[in-house]
Structures are given as C-alpha cells and as structure tokens.
Amino acid sequence: LIFGAARLLVLENAEPALHAVLEKLAGMQVQAEISGRLADVRDRARIMALIAQFKPDMVFHAAALKHVPILEQDWDEAVKTNVFGSMNVADAAVNAGAAAMVMISTDKAIAPVSMLGATKRMAEMYCQALDSDLRRGAGKTSAP
C-alpha cells in the first residue's frame with residue numbers, strides 16, 4: 001500500500017513525467033493498484049470524467065505553473081492553470097464524492113505580490129469557499 005491507499009491514479013499533462021512517475025512507483029513494488037492517465041487540469045470535461053470514473057476517497061492536487069518571472073509575462077496562462085485548473089479539480093473531487101482534497105499551494109499566496117501568489121491565493125479562496133458551502137450543506141457542484 002502507498003500511505004494506506006489500495007488504488008492510486010496519477011494524472012499528468014506531460015507524457016515523459018507520467019512515464020517517469022509510473023516507472024518509479026512500479027520499481028517500489030507496492031501493493032496498490034496504480035494507473036496513470038494523460039490529462040490537463042485546464043480540460044474541465046476530461047478532469048471531471050476521469051475523477052468521476054475513478055471515484056477517489058482523497059484527491060491530492062499539485063498541478064501548477066510556478067516560475068515567477070515567466071508567470072509575470074504570461075499571466076493569463078497562470079490564471080488558466082492555477083485558478084481554473086484548481087477549480088476543475090476541486091469541483092471534480094466534490095462531484096465524485098471524495099472525502100477530502102489537498103491542494104498544494106505556496107507561501108507566495110500570503111499577501112501576494114506576484115502572479116504566482118495571486119493565482120494560488122485565488123485557488124485557495126475558491127477551495128475554502130467550496131468547503132464552506134459543503135459544510136453548510138449547499139450540495140455538489142455541476143459540470144457545465
């Protein structure tokens with residue numbers, strides 16, 4: 001088992017990175033059922049479908065663009081991945097009935113002064129609001 005998991009689905013948008021992760025996990029000879037799929041968090045329909053099909057108990061969301069100088073120049077790409085991609089993953093986790101989602105963020109989201117910090121803070125705020133709604137019983141989100 002990997003940290004107590006019986007199954008693990010790895011989503012990655014870069015084929016070499018997905019292959020490397022799956023090879024590393026295979027070399028560890030773990031007992032968990034491990035599968036990997038190519039997917040981009042920006043693709044809402046694909047993320048919703050894959051997570052709905054897998055029905056995870058927990059979702060760990062680490063996808064992000066994070067190179068500060070590049071994101072200052074291409075800020076719109078940061079918004080697409082760090083904000084909308086995070087929203088897609090969070091909504092998919094809720095819709096699939098996951099008990100929890102862990103979103104990896106950054107210390108740059110505290111009083112942000114860069115696009116990295118601002119986009120990660122926006123993603124945090126969305127997830128916090130979604131969690132608050134769920135705690136109040138507002139129900140599940142729906143895919144457009």
Side-chain angles (χ1 to χ4, degrees), residues 1-25 28 30 32-144:
L1 297 174
I2 298 176
F3 302 108
R7 300 178 311 135
L8 177 67
L9 174 63
V10 178
L11 301 180
E12 172 58 59
N13 73 341
E15 183 183 18
L18 178 60
H19 177 74
V21 167
L22 295 176
E23 287 292 308
K24 177 82 169 178
L25 291 170
M28 296 171 65
V30 296
E33 173 192 325
I34 300 170
S35 57
R37 301 296 298 269
L38 285 172
D40 190 320
V41 296
R42 296 176 178 201
D43 184 342
R44 184 174 179 86
R46 176 111 170 116
I47 294 299
M48 296 294 279
L50 286 171
I51 294 178
Q53 179 183 23
F54 190 75
K55 296 185 185 345
D57 294 324
M58 293 191 73
V59 173
F60 292 86
H61 169 47
L65 295 178
K66 53 193 176 292
H67 195 275
V68 173
I70 292 174
L71 297 185
E72 292 303 313
Q73 176 179 334
D74 293 320
W75 61 268
D76 51 335
E77 297 301 310
V79 171
K80 290 178 200 173
T81 298
N82 296 354
V83 178
F84 296 132
S86 295
M87 292 169 65
N88 292 341
V89 174
D91 290 346
V94 169
N95 284 347
M101 182 184 102
V102 176
M103 186 186 90
I104 308 302
S105 192
T106 174
D107 61 347
K108 291 173 178 49
I110 301 167
V113 295
S114 66
M115 284 310 298
L116 170 60
T119 56
K120 292 301 275 185
R121 181 64 189 130
M122 289 172 68
E124 290 175 358
M125 291 171 67
Y126 181 82
C127 290
Q128 289 166 341
L130 183 59
D131 183 57
S132 178
D133 285 350
L134 290 171
R135 290 178 189 272
R136 285 194 319 246
K140 295 185 175 190
T141 60
S142 59

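Numbering of residues begins at 1 and proceeds along the displayed sequence.
- Taking 4.5 Å as the limit, every side-chain heavy atom of Pro56 sits out of range of all side-chain heavy atoms of Leu9.
- Between the Arg7 side chain and the Phe54 main chain, a donor and an acceptor come within less than 3.5 Å of each other.
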Please tabulate, for the side chains in residues 68-90, all donor-acceptor contacts under 3.5 angstrom to protein atoms that are two or more places apart in sequence or on a different chain.
from  : atom 1 : to     : atom 2 : distance (Å)
Glu72 : OE2    : Met115 : N      : 2.6
Glu77 : OE1    : Arg42  : NH1    : 2.7
Glu77 : OE1    : Arg42  : NH2    : 2.7
Glu77 : OE2    : Lys80  : NZ     : 2.9
Thr81 : OG1    : Arg42  : NE     : 2.7
Thr81 : OG1    : Arg42  : NH2    : 3.0
Asn82 : OD1    : Leu65  : N      : 2.8
Asn82 : ND2    : Leu65  : O      : 2.9
Asn82 : ND2    : Thr119 : OG1    : 3.0
Ser86 : OG     : His61  : NE2    : 2.8
Ser86 : OG     : Asn82  : O      : 2.8
Asn88 : OD1    : Arg44  : NH1    : 2.9
Asn88 : ND2    : Val41  : O      : 2.8
Asn88 : ND2    : Phe84  : O      : 3.3

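- Here Asn95 contributes atom CG and Ile51 contributes atom CD1; the two are 9.5 Å apart, rounded to the nearest 0.5 Å.
- A distance of 5.0 Å separates CD of Glu124 from CZ of Arg121, quoted to the nearest 0.5 Å.
- Distance check, rounded to the nearest 0.5 Å: NZ of Lys24 to CG of Leu22 gives 13.0 Å.
- With Lys120 contributing its side chain and Lys66 its backbone, the two residues share no donor-acceptor pair below 3.5 Å.
- At least one donor-acceptor pair closer than 3.5 Å links the side chain of Arg46 to the backbone N or O of Leu38.
- With rounding to the nearest 0.5 angstrom, the CG atom of Leu25 is 4.5 Å from the CD1 atom of Ile34.
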Q) Taking it one step at a time, do Tyr126 and Asp91 satisfy side-chain hydrogen bond (donor to acceptor under 3.5 Å, both in side chains)? A) CA-CA 10 Å; Tyr126 181 82; Asp91 290 346; 2.6 Å; yes

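- Met58 CE: more than 12 foreign heavy atoms inside a 6.0 Å radius.
- Other residues, nucleotides and ligands place no more than 12 heavy atoms under 6.0 Å from the CG atom of Asp57.
- Taking CG of Leu18 as the start and CG of Asn13 as the end, the distance is 9.5 Å to the nearest 0.5 Å.
- Ile47 CD1 to Leu11 CG: the interatomic distance, rounded to the nearest 0.5 Å, is 5.5 Å.
- With a 6.0 Å radius and a threshold of 12 heavy atoms from other residues, nucleotides or ligands, Met101 has its CE atom above the threshold.
- Counting only distance, with no hydrogens or angles, the side chain of Ser114 and the backbone of Gly117 share a donor-acceptor pair below 3.5 Å.
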